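Order of the sequence lines fixes the chain letters, A, B, ..., with proteins taken first and strands second; residue numbering starts at 1 for each chain. Remember, it's a predicted structure, so these values are computed and weren't measured experimentally. Note: hydrogens, waters and symmetry copies are ignored here, and every other heavy atom, side chains too, is used.
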Amino acid sequence: MKTIKYFALTAALILLPSLVQAQPNDAQIAAIVVTANQVDIDAGKFAAEKSTDSTIKDFANRMITDHSAVNQSAVELVTKLKVSPEANATSKSLQEGGNKNLAQLRTLSGRALDKAYVDHEVAYHEQVIAALDTVLIPNAQNAELKALLVQVRPAFIAHLGHAKQLQATYQ
Amino acid sequence: MRRIGLSVALLALIAALFHDWGATTSSAEPQSYTVLIEGMKFSPVLVRIQASDTVVFRNVDLVPHTVTEREAKSFDSGMINRNETWKFSPTTAGTFRYRCLYHPDMSGTIIVENKSQPRPVSSAAR
């Protein structure tokens, strides 16, 4: 059952770019970005608390700090632009996926928990980067919002690389 | 015509005698260099300075970073948040390889030379 749930979650993540509506407006993009960051912050908080592996804890804390910093910048920008993040099907789907991931992680412990967390981080960052490249950056209308999305991309790439390094240790 | 030519030659010789060939900045005057932390990279990745010069690390990324010496952690900036800076002023010569503790793929090098070596004008601080 756990395997089925895991693969269902993975499939949902794989479908993420297609779930992102074709041309979101800036308010919807803002909501997607903030939600995407918050989902990873929440997963990081759980892993940092429950993992007994210092390497995983360090990585999780890094995700919390970095994604919180990105969200702070995003919120400052939308406040300045007087744009209210607009919840949409994509942001809601991201939140639901995050909730399901947490529910799955709560059933695990030890090495199984660490592996599941890292596996999800790899898949999640891959899909968020794909969404950035194919939908969010191309469709951002405001120049500052677009610049923020471009500026954040290298951080997500670095996160993905770090997660893959950790994932390799569980092979 | 010949006198004009000789005069010009004489003037050129006098000018050459007073010209400071291979001009250098004073090696006694400390210089300041800037390394930008941007796009999850240190830029420039290699800085060559003299002892008592200053390297100013400026974080323009959205996320925090550190500047931490790789081997012995002889220097560690601690967390440098966005728009914050951290200054490093070595007093001894050597090659210092550093990295960001938070992001494993970020690294750079500072080569510190003795102050006694005159620095070329082209290496003036930015």
V78(A): side chain to side chain contact (heavy atoms under 4.5 Å, CB included) partners, not counting sequence neighbours: A30(A), V83(A), P85(A)

I'd like a table of all donor-acceptor pairs linking chain B to chain A (distance under 3.5 Å, no angle check), giving the atom names and the distance to one decimal.
| residue | atom | partner | partner atom | Å |
| --- | --- | --- | --- | --- |
| V60(B) | O | Q151(A) | NE2 | 2.9 |
| R82(B) | NH1 | S73(A) | OG | 3.0 |
| H103(B) | NE2 | D66(A) | OD2 | 2.7 |

Minimum-distance pair of heavy atoms, taken over all atoms of M40(B) and A158(A): CE-CB, 3.5 Å

Engaged part of M79(B) at the chain A interface, taking heavy atoms whose separation is under 4.5 Å: side chain

Same apolar cluster: I129(A) and V63(B), side chain cutoff 4.5 Å: yes

Contact origin within L148(A) toward chain B - heavy atom pairs under 4.5 Å: both

Residue-level interface, residues 86-95 of chain B with chain A, non-hydrogen cut-off under 4.5 Å: none

Single-linkage hydrophobic cluster M106(B)~F96(B), side-chain heavy atoms < 4.5 angstrom: yes

ILVMFWY cluster, L36(B) and L46(B) together (side-chain gap under 4.5 Å): no

I80(B) reachable from V60(B) in the ILVMFWY side-chain graph, under 4.5 Å edges: no

Cluster link V118(A) to L102(A), ILVMFWY, side chain under 4.5 Å: yes

Of all pairs that satisfy ring pair (Phe, Tyr, Trp, His ring centres under 6.0 Å), the ones with a partner from residues 81-116 of chain A, not counting sequence neighbours: none

